[in-house]
Amino acid sequence: MSDTRTNAGVDNFSTTKKMFTWNVEGERTITIMTAGNLATTQALISVLEERSKTVSERNPTILEQPTMFQVARLVGATLQEVIRDSAMGGQTGTSRFTASLIVGGQIKGGAPTLFLIYPEGNFIEVTEDAPFFQIGEAKYGKPILVRAYQPDMSFEDAIKLMLVSFDSTIKANLSVGLPLDLQVYAQDSFSIEEQTRIEADNPYYQTISDDWGDALRTALQRLPSYRKKETKAD
């Protein structure tokens, strides 16, 4: 799941796609989500698209890498290349051209997995101890993920959890906003099970947002009240 808000200051917001998928039916499905400088992320996606479609520029392409690890290496190297070419005066990944990515998917013969790619091009893979990744404004929505995530969650419960996490972030930070892009991939399907955009007037999202707010207020009221210590008179 990804939001679609970009901004260049508090008075210049726009909507743009941050989730991109390459699919070869029966063979591989690869999805990239982006955060950071819009020009950098758009340039990265354009390079990857061009190399996957233009025969003369087909190598290296994510559609020919043998494993998801090799896909992550290629995407990381491409991001580093884009940042280097975009920067002036020898700026690095810590410059204003910075971007971070989540790369996920499955290639036939391997298991589905996720990678978090940093601006410098290096990356880490999802593990049992770190079962999910966030990029962009992560701190507002992370607490609910840490407290409520379960490895055996159904797709339906996982989507509900992500909506609550995004709703918490949207209410706390102007740089994250609706609509939300949702994509569901089932292991070994090598095709996208569901792909949709959740707008502000989506009835399910509105229910989740309203009910979550009510549930938090109810939970707060049920907690024991703070009692001040009594002071003894002299």
Side-chain angles (χ1 to χ4, degrees), residues 1-10 12-21 30-42 44-45 68 72 75-76 79-80 82-83 92-105 112-151 153 155 157-185 196-198 200 202 205 208-209 212-213 215-216:
M1 184 177 288
S2 66
D3 82 312
T4 55
R5 174 165 290 185
T6 63
N7 70 91
V10 295
N12 187 10
F13 291 98
S14 60
T15 298
T16 191
K17 188 177 180 181
K18 300 180 185 178
M19 182 188 297
F20 307 88
T21 297
I30 300 168
T31 296
I32 297 177
M33 291 187 288
T34 66
N37 179 267
L38 182 59
T40 300
T41 57
Q42 287 187 340
L44 168 72
I45 298 302
M68 284 301 301
V75 173
L79 175 60
Q80 193 176 37
V82 168
I83 291 175
T92 64
T94 58
S95 73
R96 65 180 181 273
F97 300 105
T98 188
S100 54
L101 314 168
I102 293 176
V103 177
T113 189
L114 293 171
F115 295 90
L116 174 61
I117 300 183
Y118 298 102
E120 295 78 11
N122 55 338
F123 56 87
I124 58 174
E125 187 172 6
V126 74
T127 65
E128 290 185 4
D129 294 325
F132 58 84
F133 290 135
Q134 292 176 282
I135 52 177
E137 282 292 350
K139 57 183 177 292
Y140 300 102
K142 187 173 182 178
I144 179 61
L145 295 178
V146 172
R147 286 178 177 269
Y149 170 79
Q150 296 293 330
M153 294 180 79
F155 279 141
D157 284 346
I159 292 169
K160 178 168 59 177
L161 178 60
M162 287 191 292
L163 283 173
V164 170
S165 178
F166 264 105
D167 183 63
S168 300
T169 305
I170 290 168
K171 283 182 168 52
N173 193 288
L174 287 174
S175 67
V176 179
L178 295 160
L180 303 175
D181 285 332
L182 167 67
Q183 183 172 290
V184 178
Y185 172 78
T196 188
R197 175 160 286 191
I198 299 171
N202 181 282
Y205 172 76
I208 290 293
S209 181
W212 177 244
L216 282 177

Determine which pairs satisfy side chain to side chain donor-acceptor pair (under 3.5 Å) with at least one residue from residues 176-185, sequence neighbours left out, and list them in order. Thr21-Gln183, Thr31-Gln183, Gln106-Tyr185, Asp181-Arg197, Gln183-Gln195

With Ser165 via side-chain contact (heavy atoms from CB on, under 4.5 Å) - residues at least two apart: Gln134, Ile144, Leu145

Mind checking side chain to side chain donor-acceptor pair (under 3.5 Å) for Asp167 and listing every partner two or more places apart, or none if nothing turns up? Lys171, Tyr205, Ser209

Could you please spell out the steps behind the side chain to side chain contact (heavy atoms under 4.5 Å, CB included) verdict for Asp157 and Tyr149? CA-CA 9 Å; Asp157 284 346; Tyr149 170 79; over 6 Å; no

Between Thr127 and Asp129: side-chain donor-acceptor atoms closer than 3.5 Å: no

Just wondering, do Tyr118 and Ile124 contact through their side chains at under 4.5 Å, heavy atoms? yes

Search all heavy atoms of Met153 against all heavy atoms of Gln150 and return the closest pair with its distance. CG-O, 2.9 Å

What distance separates Leu38 CG from Lys18 NZ, expressed to the nearest 0.5 Å? 8.5 Å

Taking all non-hydrogen atoms of both residues, which atom of Gly177 and which atom of Ile170 are closest, and how far apart? CA-CG1, 4.2 Å

Taken to the nearest 0.5 Å, the spacing of Asn202 CG from Leu180 CG works out to 9.0 Å

Taking every non-hydrogen atom, the tightest pair across Ile159 and Val184: CD1-CG2, 3.9 Å

Residues at least two apart in sequence or cross-chain that pass side chain to side chain donor-acceptor pair (under 3.5 Å) with Ser14, listed by chain then number, are Thr6

Salt bridge (Lys or Arg N to Asp or Glu O under 4.0 Å) partners of Lys142, counting only residues at least two apart: none

With sequence neighbours left out, the residues meeting side chain to side chain donor-acceptor pair (under 3.5 Å) with Gln42 are none

With sequence neighbours excluded, residues passing side-chain contact (heavy atoms from CB on, under 4.5 Å) with Glu128: none

Could you report the tightest heavy-atom contact between Val103 and Ile117, atom names first, then the distance? CG2-CD1, 3.5 Å

Tell me, please, which residues at least two apart from Thr113 pass side-chain contact (heavy atoms from CB on, under 4.5 Å). Met68, Phe115, Glu125, Val126

Which atom pair, heavy atoms only, marks the closest approach of Ile83 to Pro119? CD1-O, 3.4 Å

What one should report as the nearest heavy-atom pair of Pro179 and Thr15 is CD-CG2, 4.2 Å

Does any part of the side chain of Phe20, heavy atoms only, come nearer than 4.5 Å to the side chain of Thr34, both counted from C-beta? yes

Under 4.5 Å between any side-chain heavy atoms of Leu163 and Trp212, yes or no? no

Got a sec, which residues hit salt bridge (Lys or Arg N to Asp or Glu O under 4.0 Å) with Lys17, two or more places apart in sequence or on another chain? none

Backbone N/O of Thr98 and side chain of Thr40: donor-acceptor pair under 3.5 Å: no

To the nearest 0.5 angstrom, please state how far the CZ atom of Arg5 sits from the CG atom of Leu178. 8.0 Å

Quick one: NZ on Lys139 to OG on Ser168, what's the gap to the nearest 0.5 Å? 13.5 Å

Side chain to side chain contact (heavy atoms under 4.5 Å, CB included) between Asn7 and Leu174, intermediate numbers included: CA-CA 9 Å; Asn7 70 91; Leu174 287 174; over 6 Å; no

Roughly how far apart are Ile102 CD1 and Ile135 CD1, rounded to 0.5 Å? 4.5 Å

Could you measure the distance from the CG atom of Asp3 to the OG1 atom of Thr169? Nearest 0.5 Å is fine. 9.0 Å

